[in-house]
Structures are given as C-alpha cells and as structure tokens.
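Below is one structure, written out as structure tokens; comments come after it.
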Amino acid sequence: MKNVLLTALLLAAMATACADRGERTLVILSTNDLHGKIQRLPQLATAVGACRDTTDRVLLVDAGDRWTGNAYVDRVAEPGRPIVELMNALRYDAATLGNHEFDHGQAYLGGVIDSVARFPILCANLVSDTCTFPAVAPWRIVERAGVKVGIVGVVTNYEGPGHPAGNASSFAGLRFPDPQQAAVAAADALRRRVDVLVLLSHMGDDRDAELLARESRYDLVIGGHTHKLRDTVVCGTQLTQTYKDLRNIGVTKIRLKGRKVLAVEYENVPIDRFAPDSAMQAAVDRYYADPELNRPVGRFTAGASHVGLANWFVELSRAKTGADVGFYHYGGVRLDTLAAGGVGQAPVYDLEPFSSHVATLTMTPAQMRRMIRTKYNEPTREGSRIDLLSTTPYTIIVDSATGKAIDVRFPTLVEGRPYRVAISDYVFRNYKDLTYEEGRIEPWLLTDLMLEALRRGPVTPDNRAYNEVWRLVACGE
C-alpha cells in the first residue's frame, strides 16, 4: 500500500498545474513495443489509475508492436486478442501500428481493428487497396478539459523495403508511403486546429531524429521499434521511447498557457515502482492458466545467452536437414537469455513466436559472403552488426573509413564448393541479395525441433561466439 501511495504522489506531482492563473497541464502516459507482456499490465493499471485520480487531463497512448513475444498472447485461438482486450480495459486513447501487428496477416489484423479494439488505431502512411483490410484514420483529435490534442500515427516502411519488417505476403495490396513525409503532411493539416500535436511513431528513434531535424511543429514524438530508452530534445521537440516489454511507462507533462505550450517534461518511470492492480491481475491470471502452455518439457543444464540460443537454433536446423552450414538471424531469437533449469512450452514459443519453418539452400562461400555483406551494409537497424549467426566460423571485414563490409572470410570452407545450408524461412523469403542453386522451405517448424530436443534430454547451451567483425584501419590512423 505504501508503494501505491508513493506512486500516486509521484504522478500527482507530475500532473499538478502551476499556480499561475490561466495555466493548464496535460499528462500523456505512453507505452511502446509491449510485445504481449501482459504480466506487467497490473502495474500499468495502478499507474494509470493513480494519474487519472489526480487530473482529468490524461491521455494513454501506445506506439506499436502490441503482440509477438508472449505465448499466452500469441498461442491462443485468436492471437493478440488478450492484450487488446486488456488495453480496452485500461481505456487507451489511441495507438499506432507496429510491424508485428501484421504477423498473423492483414486480414486477421483488420478483424482485430474492426471488432476487438475499442481504441482507435492510427496510421497516416498506410493505404489499403484490398477489401481484407479496413482504412484506418491517419490521426484523431482528442479534447481533455479544454485542451485539444492532435494525435498522428506512422509506421516504418524502411526494412521491407517499402513496407514494415515482416513477410511480404502480409502486406499484399497495402502501400506504405514514406512515414516522415506523412508526418509532415499531418502537421500541415492539424497544427492550427489543436493546442498540442503528438506523433506516435513506430519508425525508430534514428528516423524520428531525422524527421525532427526538418519538422518542428510537433510538441512530442512518442517513439518505438528500436527498443531504446530515449528522453531527449531534438531541434526543440521532445523525443521519447520506453525501451520494450513494458519495463517502463513514459510520463510526459505538458504545461500550457492559453494555446501556447510553455514546457514539455518527460520521464521514463520503471513499471516495478507500482503495486499490481488486483482486478487487472485477476484478468491476466486467467490468460496464464493455460495447462498446455504450462506443461514442462525439459531443462537446460546451464543458462543460455542470446548468442547461445541462436547457436541452438542453428544446430537444430542444420542437424535436422543434414546441412553443412546453418545460419539464424539475430532478430528471430526473441529472448535475450534463458535460465538454467526446467523449460515449459511457453518459453519455447516465446523464443520463436513466428512459427518459422526451416529452409534449405545450396550455396557457395561466395554466395554466403554476398548475403552476409549485403545485410551488414543495410541502412537499417539490422545493419552494421552480425545479423546472421552461425557456428561455422566467419569474419566480416569492415573498412573503418566507410563503415561498410568489404569482405567475409570463412576459414573452414572451400571456395567454389557448393554447401547445403539451413536457414529460417523468413531469411529465405525476405533477405536481399540471397542467391543459391537450389532452395526450398522444409515442413519442419523450428519450435517443434526445440520441443523434440528438450524431450530427448537435457540441453547444454553453447554460448561461444563463432562470428566476428574486423575493422581495417589505415596506417597512421
């Protein structure tokens, strides 16, 4: 109880208007990249309730990626529905689309928007040419106790290319114009009609900063997609992001006098400061009472790192297919670690929530080199890192002057020789510069391979990194 009272006092201090006559205060509570982490919604319910108890000028908004990352949300008859229903109960005022909203296909997402969500889903850079997906509003205007707030939504189109990250089939018939241009056009339409202008952006903090370098009419940008903690001012506009998985709640206090914004103050408040709300906890517990997902499967003899989990994925795929070489993409491993001890079905599906199949290809080292180099050189958040992990050693050679990969060396492979390669079907379908002689998607789901391995006996993870980056530096530098 003491924790709840302290929390209420904290938020009350943020929400209290200044004593000067004519000043008003608006509080915007924000989340992003929830990824189905409904287990933290009871604390969010307490935070939201405490703030709403202090002022009637409160908005609650989300910047995308509400599901994909929790089996209790993703592995149900209607995937994603649990978190949307709980967000309805929290009375969200608006949200934008993230790339993972499309993971179950646009037709399914359209049904959720039409029939389940009781809060508006906004996206100013989505054009639908298909009957399976409804047109969504680019923005909405909300009034809170005399303060008019314009809320605009945009989603990334940078990784597709031309659409959000994900399987291209999920976006057939949809167009995603440039999100920065859409945000500028929305500001043209709304700025004079509202007191406060807010952008819900799921294009990444780097792209948000690019936008704010040329667009100053937004009072606040609430970001997502890149899983960063951001509390910064770019060219006069507050840019925020709360990391991911509801570890924090964003709290923005905007002070106005008349229609003029006097100040914008932001804080990322850790969600564990709040005691859980009992009613929301009971609702979450009902979703977690799934006997199938709670059934134990096997155990890990030691803790696994993110690299160790990727190595496990690679070896399972390679062994099942009889491949010589295996790769798995960094972003496809959705847990950072897995502790030693018992493992149930739910963590397996949390590790790989995409129902990915194994794919096999015949590739030479030159073709593998081209695939790895192209991915490293992408101007996206997946570039400039080791994205394709493998237990077959390789080194990416990077020119320090340009930051670009210029070569990839495979010390254990023979140049010109064809190798059987195992990868995920996501890489097979979507990665650029992927060339091969023969390729197909196999019938095996990676999650099934993991469950089979756990049932056979204890798994000992291999946390060694087999892949590295060398930077060439010119003499004298």
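Source: prediction; values computed, not measured.
By the ring pair (Phe, Tyr, Trp, His ring centres under 6.0 Å) test, Tyr266 pairs with no residue at all, sequence neighbours left out. Remark: Arg259 pairs with Asp195 by the side chain to side chain donor-acceptor pair (under 3.5 Å) rule, at least two apart or across chains. Asp425 is linked by a salt bridge (Lys or Arg N to Asp or Glu O under 4.0 Å) to Arg429, counting only residues two or more places apart in sequence or in another chain. Taking Lys260 as the reference, nothing meets the salt bridge (Lys or Arg N to Asp or Glu O under 4.0 Å) condition, with sequence neighbours excluded. Every salt bridge (Lys or Arg N to Asp or Glu O under 4.0 Å) that Arg175 has, sequence neighbours left out, goes to Asp129.
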Inset, instruction - For the pair Ile141 and Arg193, evaluate side-chain contact (heavy atoms from CB on, under 4.5 Å) and give the outcome as yes or no after the intermediate values. - result: CA-CA 9 Å; Ile141 296 175; Arg193 298 168 56 187; 3.5 Å; yes

Inset, instruction - List the steps, then state whether side-chain hydrogen bond (donor to acceptor under 3.5 Å, both in side chains) holds for Gln106 with Thr132. - result: CA-CA 7 Å; Gln106 62 174 279; Thr132 62; 3.0 Å; yes

Inset, instruction - List the steps, then state whether side-chain hydrogen bond (donor to acceptor under 3.5 Å, both in side chains) holds for Asn268 with Thr242. - result: CA-CA 6 Å; Asn268 276 310; Thr242 67; 5.1 Å; no

Inset, instruction - Run the numbers on Gln345 and Thr447 for side-chain contact (heavy atoms from CB on, under 4.5 Å), then give the verdict. - result: CA-CA 9 Å; Gln345 289 199 46; Thr447 47; over 6 Å; no

Inset, instruction - May I have the step-by-step check of side-chain contact (heavy atoms from CB on, under 4.5 Å) for Tyr349 and Leu293, ending in yes or no? - result: CA-CA 9 Å; Tyr349 293 122; Leu293 291 174; 3.9 Å; yes

Inset, instruction - Step by step, work out the side-chain hydrogen bond (donor to acceptor under 3.5 Å, both in side chains) result for Asn463 and Asn311. - result: CA-CA 7 Å; Asn463 293 322; Asn311 288 343; over 6 Å; no

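To the nearest 0.5 Å, atom CZ of residue Arg118 and atom CE of residue Met87 are 12.0 Å apart. One finds the CZ atom of Arg385 at 13.0 Å from the CG atom of Asn467 (value rounded to the nearest 0.5 Å). Distance check: Asn32 CG to Asp65 CG gives 9.0 Å after rounding to the nearest 0.5 Å. For the atom pair OG1 of Thr25 and CD1 of Ile254, the computed distance is 10.0 Å after rounding to the nearest 0.5 Å.
Salt bridge status for Arg75 with Asp290: absent, with no side-chain N to carboxylate O gap under 4.0 Å. A salt bridge links Arg217 and Asp188; the closest N-O separation between the charged side-chain nitrogens and carboxylate oxygens is under 4.0 Å. Between Asp219 and Arg191, at least one side-chain nitrogen of the basic residue sits less than 4.0 Å from a carboxylate oxygen of the acidic one, meeting the salt-bridge criterion. With respect to the salt-bridge test (charged N to carboxylate O, under 4.0 angstrom), the residues Lys432 and Glu378 qualify.
Between Asp205 and the options Gln241, His225, Glu210, a side chain to side chain contact (heavy atoms under 4.5 Å, CB included) holds for only Gln241. Considering Val154, Asn157, Leu97, Ile121 as possible partners of Leu126, the one that fulfils the side chain to side chain contact (heavy atoms under 4.5 Å, CB included) test is Leu97. Applying ring pair (Phe, Tyr, Trp, His ring centres under 6.0 Å) to Phe313 and the options Tyr328, Tyr426, Phe354, Tyr330 leaves one that passes, Tyr328.
A donor-acceptor contact shorter than 3.5 Å is absent between the side chain of Glu85 and the backbone of Pro82. Formation of a donor-acceptor pair under 3.5 Å by the His100 side chain with backbone atoms of Trp67 is not found in this model. Distance alone, capped at 3.5 Å, places no donor-acceptor pair between the Arg66 side chain and the Ile83 backbone. With Ser128 contributing its side chain and Phe133 its backbone, the two residues share a donor-acceptor pair below 3.5 Å. Judged purely by atom type and a 3.5 angstrom limit, Gln238 uses its side chain to pair as donor or acceptor with the backbone of Thr232.
Looking at every heavy atom in both residues, Ala209 comes nearest to Leu239 through N-CD2, 4.4 Å. Considering all non-hydrogen atoms of both residues, Gly36 and Asn70 come closest at O-ND2, 2.8 Å. Across His104 and Tyr108, no two heavy atoms sit closer than the pair O-CB, 3.5 Å.
Listed by first and then second residue, the salt bridge (Lys or Arg N to Asp or Glu O under 4.0 Å) pairs involving residues 331-354 are Lys244-Asp336 (not counting sequence neighbours).
No side-chain heavy atom of Glu215 sits less than 4.5 Å from a side-chain heavy atom of Gln180.
Within 6.0 Å of OH on Tyr288 lie more than 12 heavy atoms contributed by other residues, nucleotides or ligands.
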